Amino acid sequence: MSTRRLVLLAILLLCTARCALAGPQPLADEELAQVRGADGVSFAVRLQLNRPGDGSVGDSRLTIGQTVDGRTTYTVLKNIGGVIQMVGLNISPQTAADGTNYLALTLPAWTKFTDTGFDSLSVQADPRGPVTQSLGQVTLNGELQMQGQLRLWSH
């Protein structure tokens, strides 16, 4: 490769590197209000909590401590987990009829619960101790369809 080509290549690489290192630039509120997009951002979610792929369940706990009259007790939810799948979550900027801007969060159009819940609910003095009396359990299996949106305005 000739010396001239090497020099041109080096200059090109320097220019490219400088542009790449520039990074994003903040926009003023007036400029940001002029940005237009399509329909926002849509998400599909699969949340698998404390459920390995083999279907086994470990010993996981969510403990909430409360102290009343100097005595601490713990609410213990044992083996919280399951699989939750959601489709149709959407975040998009919108403009209301009065001209104010807001952020619209659509509720998921379809949600599926598979073995979602907890094995036991107890109140006890030792958060790590065995569960001796359960106040109940919850297990959700099924599908849910929703419509609507949550609207957020900033002030």
Side-chain angles (χ1 to χ4, degrees), residues 16-155:
T16 305
R18 186 171 185 202
C19 292
L21 295 175
Q25 299 297 317
L27 295 176
D29 287 343
E30 297 79 26
E31 291 175 299
L32 191 58
Q34 299 305 314
V35 174
R36 297 287 178 242
D39 294 332
V41 179
S42 294
F43 296 93
V45 176
R46 177 183 167 87
L47 175 64
Q48 187 167 328
L49 180 64
N50 294 330
R51 297 295 191 261
D54 62 4
S56 64
V57 177
D59 184 14
S60 61
R61 294 173 182 226
L62 172 66
T63 59
I64 303 167
Q66 55 271 342
T67 302
V68 178
D69 295 330
R71 181 173 177 225
T72 302
T73 57
Y74 298 89
T75 302
V76 179
L77 295 162
K78 187 173 178 186
N79 293 332
I80 294 177
V83 178
I84 302 172
Q85 297 173 343
M86 292 184 275
V87 175
L89 295 164
N90 187 287
I91 300 173
S92 62
Q94 300 289 323
T95 302
D98 65 359
T100 58
N101 296 321
Y102 65 92
L103 187 64
L105 304 170
T106 60
L107 299 174
W110 176 83
T111 304
K112 181 180 179 183
F113 299 94
T114 305
D115 296 328
T116 305
F118 53 87
D119 290 346
S120 68
L121 168 67
S122 63
V123 178
Q124 51 197 62
D126 181 4
R128 294 188 178 106
V131 175
T132 56
Q133 289 187 319
S134 175
L135 299 173
Q137 69 180 39
V138 170
T139 302
L140 294 174
N141 284 299
E143 297 180 11
L144 175 68
Q145 293 179 340
M146 294 185 275
Q147 61 184 15
Q149 59 183 217
L150 174 65
R151 296 179 178 185
L152 304 172
W153 281 266
S154 64
H155 294 281

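Nothing here was measured: the structure is a model prediction, and the numbers come from that model. Along the sequence shown, residues carry numbers from 1.
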What heavy-atom pair brings Asn101 and Trp153 nearest, and what distance separates the two atoms? O-CD1, 3.3 Å
Leu105 side, atom CG; Gln94 side, atom CD - distance, nearest 0.5 Å: 10.5 Å
Any side-chain heavy atom of Tyr74 sitting closer than 4.5 Å to one from Arg61? no
Supply the atom-to-atom distance Ile84 CD1 to Leu49 CG, rounded to the nearest 0.5 angstrom. 7.5 Å
Above 12 or not: heavy atoms from other molecules or residues under 6.0 Å from CD of Glu143? yes
Quick check: closest heavy atoms across Leu89 and Pro108, and the distance to 0.1 Å? CD2-CD, 3.6 Å
Answer yes or no: is there a donor N or O on one side and an acceptor on the other, between the side chain of Asn141 and the main chain of Asp115, under 3.5 Å? yes
For residues Gly88 and Thr106, report the shortest heavy-atom separation together with the two atoms involved. O-OG1, 3.3 Å
Is there a side-chain contact between Gln85 and Trp110, using heavy atoms and a 4.5 Å cut-off? yes
Taking every non-hydrogen atom, the tightest pair across Ile64 and Gln66: O-OE1, 3.2 Å
Going by heavy atoms in the side chains, are Leu103 and Ile91 under 4.5 Å from each other? yes
Side-chain donor/acceptor of Thr116 to backbone N/O of Val83, under 3.5 Å: yes
Nearest heavy atoms of Asp119 and Asn79, plus distance in Å: OD2-ND2, 2.8 Å
Residues that Gln124 engages under side chain to side chain donor-acceptor pair (under 3.5 Å), provided they are two or more places apart: Ser122
Minimum heavy-atom separation for Pro127 and Ala125, please, with both atom names. CD-O, 3.7 Å
More than 12 heavy atoms of other residues, nucleotides or ligands under 6.0 Å from CG of Asp69: yes or no? no
Nearest 0.5 Å, please: how far is CG in Leu135 from CG in Leu121? 5.0 Å
Rounded distance (nearest 0.5 Å) linking atom CD of Gln145 with atom OG1 of Thr111: 9.0 Å
